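Source: prediction; values computed, not measured. Chain naming here is simple, since letters A, B, ... match the order of the sequence lines and numbering starts at 1 in each. The figures here come from the full heavy-atom set of this structure, side chains too, leaving out hydrogens, waters and symmetry mates.
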2 protein chains.
Amino acid sequence: MTFSAPAQKLAAYASLSATEVGVMGALSEGRLQSYSRGRDIVLQGQSLKTMFIIVEGWAMRYKTLADGRRQILSFLVAGDVCDPYCFLLHKADHSIGTITDVTTVTVDRGTMEDIVLAHPGLAKAMWVNALVTASIQREWCVSIGQRTAFERLSHLFCEMYSRLEVVGLAQEGRCAFPVNQYDLADATGMTAVHVNRVLQELRNRGLIQLQRPDLFIPDLIRLQTVALFDPLYLHPKPRESDAREAMHEQ
Amino acid sequence: MTFSAPAQKLAAYASLSATEVGVMGALSEGRLQSYSRGRDIVLQGQSLKTMFIIVEGWAMRYKTLADGRRQILSFLVAGDVCDPYCFLLHKADHSIGTITDVTTVTVDRGTMEDIVLAHPGLAKAMWVNALVTASIQREWCVSIGQRTAFERLSHLFCEMYSRLEVVGLAQEGRCAFPVNQYDLADATGMTAVHVNRVLQELRNRGLIQLQRPDLFIPDLIRLQTVALFDPLYLHPKPRESDAREAMHEQ
DNA sequence: CGGCTCTTTGACTGAACTCAATAGTCGTGG
DNA sequence: CCACGACTATTGAGTTCAGTCAAAGAGCCG
């Protein structure tokens, strides 16, 4: 069920009690808001009053320079909190725009503060979530700074596939990928023309099948290998089964 | 006094009571540790047990790829917390190494948790600090992805000058900048050769004077202009005087 | 059937990289 | 006091990856 994505996402980072999952569920039935594609949800410089959590659709974090150059900093999918910092920082230092039609839950400061005080498990999960977001940002720096164009795109596909899998939106190598080549270019620090050529190479080498908005990765391991993808930076919570094994090993 | 840098840094993000400043001061006299230049303080993949705050010297956050390529993610100076996430994340997703000789305060989880519970103002400042760190990381993505080599280096000088100013280590256009051209290259995603050439251009245009480890910026505004530097992303706390003016305006 | 958005292609250019060599700078030890 | 090595900065020449400019297809929708 799509509406539980926020809960599913947070549960990936910290164990939540049934009550806490329930609270997140209730939230999701709260103030839903829709945005059509190509709109802005938050603008650079705006003061932050409410928190948005994506329930459905894709959005992006981005910054623009004075002369119009734009860097996309992250893609946001179901379960992602757009602005976990709204409690503490006064002004948005970047914008958030939609890539597809998007549905969000809007939670205002007060409500969130109450929830967080009442449910420490949720508070912890929120913070872990923010820290993982920071880790992802660091990995993007590595990609843009060090990886070749080919590795960079591969890595992005690996990352989004992993993140979508956590919220149940990817399986058997298939997931949505509704990003056009202009946005892909601004996310990877390349030009759209070059993105196009590198995508062709990825396709020719059989690493991906991409017909917007559908992505199919025939062999995830192989793609991860050429991308130099190491999932550590996503800080996956060890699976229950893995945890059990680890205990036995001790 | 150098030892108060951590307190000074945190005070820049949230108002601290005299007691809280005192606590930070006491901390700084606690477990000091020295590292010679070129050492690693934390290694990618290590489990995190203690928190380090830089008291003196320069360090860097970095990640390496399997084949040895390295991306420097951030420079750390007095007052910077190396790993604010050590409470919540289990493994370091990147390494921290020293650039100069470095002195740190070591605070273990337990101590920090006690302090944070007893002093909510400090807790808040710590979180704001973590969020600003994330914002800086986003700006680095913008630099590497969109700015030209020339703008990128200029921007880095502007950023470090601002950050050093906050902890009283920069004034009248002068501050330390002990980073060699190889590290500068890995921080900006360029090669050392190209860094060298761009630095020459910066010098020729009179924008900087750099004789390691001393940096002099004759005209900060001019450098900020060519760098497309907008300090918003550092989330400076409005000065008391500015705050008063803002109130009068209302 | 336009009109829009997005993708693809071709030809040319240029910013930044590679490789390789040279030149300072500094501390150490003979 | 000088020689030496380690490290860093600088320079030159040739190469390449990715960008620019411009145009042509594809797909979709009203």
What's the [atom1]-[atom2] distance between [X] and [N], to the nearest Å?
{"X": "Asn196(B)", "N": "dA9(D)", "atom1": "CG", "atom2": "P", "result": "8 Å"}
{"X": "Glu201(A)", "N": "dT8(C)", "atom1": "CD", "atom2": "C1'", "result": "16 Å"}
{"X": "Gln181(A)", "N": "dC6(C)", "atom1": "CD", "atom2": "C1'", "result": "8 Å"}
{"X": "Arg212(A)", "N": "dT5(C)", "atom1": "CZ", "atom2": "P", "result": "12 Å"}
{"X": "Met190(A)", "N": "dG19(D)", "atom1": "CE", "atom2": "P", "result": "6 Å"}
{"X": "Phe150(A)", "N": "dA18(D)", "atom1": "CZ", "atom2": "P", "result": "12 Å"}
{"X": "Leu210(A)", "N": "dT7(C)", "atom1": "CG", "atom2": "C1'", "result": "11 Å"}
{"X": "Ile99(B)", "N": "dC7(D)", "atom1": "CD1", "atom2": "C1'", "result": "16 Å"}

Which label fits Trp58(B) and Phe75(B): parallel for a plane angle under 30°, tilted from 30 to 60°, or perpendicular past 60°?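 Answer is tilted, since the angle falls between 30° and 60°.
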Just checking [X]: base, sugar-phosphate only, or nothing, at a heavy-atom cut-off of under 4.0 Å?
{"X": "Gly189(A)", "value": "sugar-phosphate"}
{"X": "Arg203(B)", "value": "sugar-phosphate"}
{"X": "Ala149(A)", "value": "sugar-phosphate"}

Check for me whether the distance between the ring centres of His155(A) and Tyr161(A) falls short of 6.0 Å.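 So the answer is no for these two rings.
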Return yes if some donor-acceptor pair links the side-chain N/O of Thr98(B) with the main-chain N/O of Gly38(B) below 3.5 Å, else return no.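 Looks like yes, one N/O pair under 3.5 Å.
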Ignoring hydrogens and angles, does a donor from either the side chain of Arg197(B) or the base of dG12(D) sit under 3.5 Å from an acceptor on the other?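 Checked by distance alone, the answer is yes.
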Closest approach to the side chain of [X], judged atom by atom: which nucleotide of [options] is it?
{"X": "Asn180(A)", "options": "dT8(C), dC6(C), dA9(D)", "result": "dC6(C)"}
{"X": "Gln200(B)", "options": "dT9(C), dT10(D), dC17(C)", "result": "dT10(D)"}
{"X": "Tyr182(A)", "options": "dC21(D), dC6(C), dC17(C)", "result": "dC6(C)"}
{"X": "Val193(B)", "options": "dA18(D), dA20(C), dA16(C)", "result": "dA20(C)"}
{"X": "Arg37(B)", "options": "dT8(D), dA16(C), dC6(C)", "result": "dT8(D)"}

Atom CD in Glu172(A), atom CD in Glu165(A): separation rounded to 0.5 Å?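 Result: 10.5 Å between the selected atoms.
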Just wondering, are more than 12 heavy atoms of other shown residues or ligands nearer than 6.0 Å to CZ in Arg203(A)?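 Atom CZ in Arg203(A) is packed in, count exceeds 12.
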